[in-house]
Undergrad: 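What follows is a structure written as structure tokens; I'll ask about it next.
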Amino acid sequence: MSERFEQALRDGLGDQIKDDEIAKQLWSALANVDWYHPERKEDAGYSFRAAGALIARLRGEGDYMDWYCCGPYATVSDFIARTLKKQGWIYDDMPAICDEPGCLGFVSCGTPTPTGYRSTCYEHRPEVTRHEHSRR
């Protein structure tokens, strides 16, 4: 939770947050979306529940269940994107990139390894031996 991000929402949206359609757009833009303020090197992100709770807080009424799953998640409307960009915040709309050096493929595999977790494209997925696979 980022207090500065929440203040940016208050400053940018003001009383418009009382409009149910705006609140629904905001939930969609918060749920599982990573927001960044590049100048201040800050970030903000919210789970489905946390996004609902934030909207209730901004509106000064209700609770997270009033807004939980009220729209498509990880969907940022032009209005919300512009409102937050005016406050210095941008969202990450690019899928995750393979962690293999030099590869720009999108992540399609997540694999636990002896040295940690790998997020790779299919081409660079770590091989899992039959023994490792049977332990899962």
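Below, each value reflects all heavy atoms present in this structure, side chains not excepted, and no hydrogens, waters or symmetry copies.
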Undergrad: Could you work out, with side-chain hydrogen bond (donor to acceptor under 3.5 Å, both in side chains) as the rule, every residue matching Arg82, not counting sequence neighbours?
TA: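 Arg82: side-chain hydrogen bond (donor to acceptor under 3.5 Å, both in side chains) contacts with Asp78.
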Undergrad: Do the rings of Phe5 and Trp35 sit parallel, tilted or perpendicular, given the 30° and 60° boundaries?
TA: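 Tilted, since the angle between the ring planes falls between 30° and 60°.
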Undergrad: Got a sec: does the OH of Tyr73 have more than 12 other heavy atoms crowding it under 6.0 Å?
TA: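 No, because the 6.0 Å sphere around OH of Tyr73 holds 12 heavy atoms or fewer from other groups.
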Undergrad: Test: side chain to side chain donor-acceptor pair (under 3.5 Å). Region: residues 83-95. Which pairs qualify, not counting sequence neighbours?
TA: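 Not a single pair qualifies under side chain to side chain donor-acceptor pair (under 3.5 Å).
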Undergrad: Report the distance from atom CD1 of Ile55 to atom CG of Leu13, rounding to the nearest 0.5 Å.
TA: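 Here the interatomic distance stands at 9.5 Å.
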Undergrad: Apply side-chain hydrogen bond (donor to acceptor under 3.5 Å, both in side chains) to Asp11 and list each qualifying residue two or more places apart in sequence or on a separate chain.
TA: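 Partners of Asp11 under the side-chain hydrogen bond (donor to acceptor under 3.5 Å, both in side chains) test: Gln7.
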Undergrad: Can you sort out the partners of Ala50 under side-chain contact (heavy atoms from CB on, under 4.5 Å), two or more places apart, ordered by chain and number?
TA: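 Partners of Ala50 under the side-chain contact (heavy atoms from CB on, under 4.5 Å) test: Tyr46, Ser47.
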Undergrad: Flag the pair Ile22 / Phe79 as yes when at least one side-chain heavy-atom distance between them is below 4.5 Å, and no otherwise.
TA: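 When only atoms from C-beta onward are counted, Phe79 and Ile22 do touch, with a gap below 4.5 Å.
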Undergrad: Taking the side chain as C-beta and beyond, is there a heavy-atom pair between Ser2 and Asp43 under 4.5 Å?
TA: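 No, their side chains stay 4.5 Å or more apart.
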Undergrad: How long is the span from the CG atom in Leu58 to the CG atom in Asp15, to the nearest 0.5 Å?
TA: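 It is 11.5 Å, given to the nearest 0.5 Å.
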Undergrad: Between Leu30 and Ala51, what is the shortest heavy-atom contact and its length?
TA: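 Answer, listing the atom of Leu30 first, then Ala51: CB-CB, 3.7 Å.
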Undergrad: Checking Asp19 now: which residues fulfil side-chain hydrogen bond (donor to acceptor under 3.5 Å, both in side chains) with it, not counting sequence neighbours?
TA: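 Testing Asp19 for side-chain hydrogen bond (donor to acceptor under 3.5 Å, both in side chains), a comparison that skips the adjacent residues, returns none.
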Undergrad: Please assess Thr111 against Tyr117 for the test side-chain contact (heavy atoms from CB on, under 4.5 Å), listing each intermediate value before the final yes or no.
TA: CA-CA 6 Å; Thr111 311; Tyr117 197 81; 5.8 Å; no
Undergrad: With a 4.5 Å limit on heavy-atom distance, are the side chains of Arg4 and Arg40 in contact?
TA: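 Arg4 vs Arg40: side chains touch.
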Undergrad: Go through the structure and list residues passing salt bridge (Lys or Arg N to Asp or Glu O under 4.0 Å) with Glu61, not counting sequence neighbours.
TA: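 Here the qualifying residues are Arg59.
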Undergrad: Who are the ring pair (Phe, Tyr, Trp, His ring centres under 6.0 Å) partners of His124, not counting sequence neighbours?
TA: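 Result, ring pair (Phe, Tyr, Trp, His ring centres under 6.0 Å) vs His124: none returned.
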Undergrad: So, for Cys98 and Thr120, which heavy atoms are closest and what is the spacing to 0.1 Å?
TA: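 Heavy atoms of Cys98 and Thr120 come nearest at SG-CA, 3.6 Å.
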Undergrad: Which residue pairs pass the salt bridge (Lys or Arg N to Asp or Glu O under 4.0 Å) test when at least one of the two sits in residues 102-114, sequence neighbours left out?
TA: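 Every pair satisfying salt bridge (Lys or Arg N to Asp or Glu O under 4.0 Å) with a residue in residues 102-114: there are none.
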Undergrad: For the CD atom of Glu21 and the OG atom of Ser77, what is their distance to the nearest 0.5 Å?
TA: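 Glu21 atom CD to Ser77 atom OG measures 10.5 Å (nearest 0.5 Å).
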Undergrad: Applying a strict under-4.5 Å side-chain criterion to I, L, V, M, F, W and Y, I'd like to know whether Leu84 and Tyr36 cluster together.
TA: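 Hydrophobic grouping puts Leu84 apart from Tyr36.
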Undergrad: Excluding sequence neighbours, so at least two apart, what forms side-chain contact (heavy atoms from CB on, under 4.5 Å) with Pro101?
TA: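 Pro101 satisfies side-chain contact (heavy atoms from CB on, under 4.5 Å) with no residue once adjacent residues are dropped.
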Undergrad: Could you pull out all residues at least two apart from Gln16 that satisfy side-chain hydrogen bond (donor to acceptor under 3.5 Å, both in side chains)?
TA: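 Listed in chain order: nothing, the list is empty.
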Undergrad: Please check if the side chain of Trp27 supplies one atom and the backbone of Phe48 the other of a donor-acceptor pair under 3.5 Å.
TA: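 The answer is yes, because a donor-acceptor pair under 3.5 Å joins these two groups.
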Undergrad: Just jot down the side-chain contact (heavy atoms from CB on, under 4.5 Å) partners of Tyr122, sequence neighbours excluded, or say none.
TA: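 If we apply the side-chain contact (heavy atoms from CB on, under 4.5 Å) test to Tyr122, skipping adjacent residues, the hits are Ser108, Cys109, Arg125.
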Undergrad: Could you give the side-chain donor-acceptor pairs of residues 62-70 under 3.5 Å, partners two or more places apart or in another chain?
TA:
| unit_1 | atom_1 | unit_2 | atom_2 | d |
| --- | --- | --- | --- | --- |
| Asp63 | OD1 | Met65 | N | 3.0 |
| Asp66 | OD2 | Asp63 | N | 2.9 |

